[in-house]
Amino acid sequence: MSATPVPRSPRILRRAVLGAACAVASGWARAARPAVLLRFSHVVAPDTPKGQMALRFQSLVHARAGDRIRVEVHPASQFWGDDDEIEALRLGAVEMLAPSLSKFGMAGVPEFEVFDLPYLFADLAQVRRVTQGEVGRGLLQRLGRQQMLGLGFLDNGFKQMSAARPLRTPADYRGLRVRVQASRVLGEQVRALGAQPVVLPFGETQRALASGVVDAAENPLSNFLTQGLAALQPHITLTQHGYLGYAVVSHPRFWASLQPADRELLSTALAEALAHGNRLAAELDAMALATLRRTPGLQVHGLTPAERSALRRHLQTVYDGFQRSLGSALLTDVQRALDQR
Ligand code: LMR
């Protein structure tokens, strides 16, 4: 399959100017210039696996390099959203990102959409057999085709469906407009349920739900909680239907420009930060669930095993579409990794 080119957004120039202006205003420009500046942009709240991983990376680098290497973390789509952050990386306006795996398809590496297949993984241990093994290494290498250097994987968790009603059976989805990330597999999944997928950047999802542009969403619990979606969606159903994780990427040009010792320091700090984030993922998910269960006005629904199997069977057609467009080799490799003990 040919690579999907990324459209150049005029917004990117406005954001670059805004980013520079904010940096000056907040005093970075007045501080002593570090030998290395690494801007790490992401779209979620600090109190999530990705937010915590980025902060841990920042503090590890600071502890080891002092002011010589400065890591700036920009959370919550502060300067770049998930619709333009990859282009910002290519243009040299940021040096590190951790987009969700679903976002690499539109960036020209459609193989990453394999992670979006519904009910592919039973748990995070299974995910890691793929991300931390040969298949994961191969996928990270493919990012080089699109001027990205893949540095590692991070978990968030499993997605749950929210709406103004419980979503127990495929029939419950009929007619809903569901916000999805820009992944063909996710679009196909929502259409298979008789609903309409609406692709929106993460940073616009809350507003779209509040204004009724969309009526449902799929999120891991830490994102649902920290985006304040419980105030907008009175029912969340624990469908566990799909995985959401990230790949940390930098730009090959930036990485090659580093002194070998600095590259080593950053690689080691990142590996430790990723291990921290991966340890935290299940914990933050469980904490978010406990908080959401206590949230007034929100009902949390579990699925019976029979309901989960029915949903899973219904979504099998999504696998056919994926294999038609990408062939079956990758899925076979993933399934082989899942079967390994
Ligand atoms: C989403 O767009 O829903 C997620 O990718 C956001 C994130 O980075 O967790």
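As the structure lists them, so they are numbered: ligands from 1, and atoms in each ligand from 1.
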Q. Side chain, backbone, both or neither: which part of Thr48 has a heavy atom under 4.0 Å from ligand 1?
A. neither

Q.
Test of understanding: given a 4.0 Å heavy-atom threshold, classify the contact between Asp82 and ligand 1 as side chain, backbone, both, or neither.
A. side chain

**Q.** Side-chain donor or acceptor of Ser328 paired with backbone N/O of Gln323 under 3.5 Å
**A.** no

Q. Taking the minimum heavy-atom distance to atom 5 (O) of ligand 1, which of Glu85, Lys159, Lys103, Gln227 ranks first?
A. Lys103

Q) Side chain, backbone, both or neither: which part of Glu218 has a heavy atom under 4.0 Å from ligand 1? A) neither

Q) Hey, are the side chains of Tyr319 and Pro118 touching, using non-hydrogen atoms and a 4.5 Å cut-off? A) yes

Q: Check the hydrophobic clustering (I, L, V, M, F, W, Y; side-chain heavy atoms under 4.5 Å; chains of links allowed) and say if Val248 and Val109 are grouped together.
A: no

Q) Do Asp82 and Gln181 have side chains that get closer than 4.5 Å, going by heavy atoms? A) no

Q. Do Asn156 and ligand 1 have an N or O pair less than 3.5 Å apart?
A. no

Q) Relative to the heavy atoms of Asn223, which atoms of ligand 1 are at a distance of less than 4.0 Å? A) 6 (C), 7 (C), 9 (O)

Q) Has ligand 1 got any nitrogen or oxygen that is less than 3.5 angstrom from a nitrogen or oxygen of Lys50? A) yes

Q: Can you sort out which atoms of ligand 1 are near Arg179, meaning under 4.0 Å from one of its heavy atoms?
A: 1 (C), 2 (O), 3 (O)

Q: Please work out whether the ring planes of Phe40 and Phe57 are parallel, tilted or perpendicular, with thresholds of 30° and 60°.
A: perpendicular

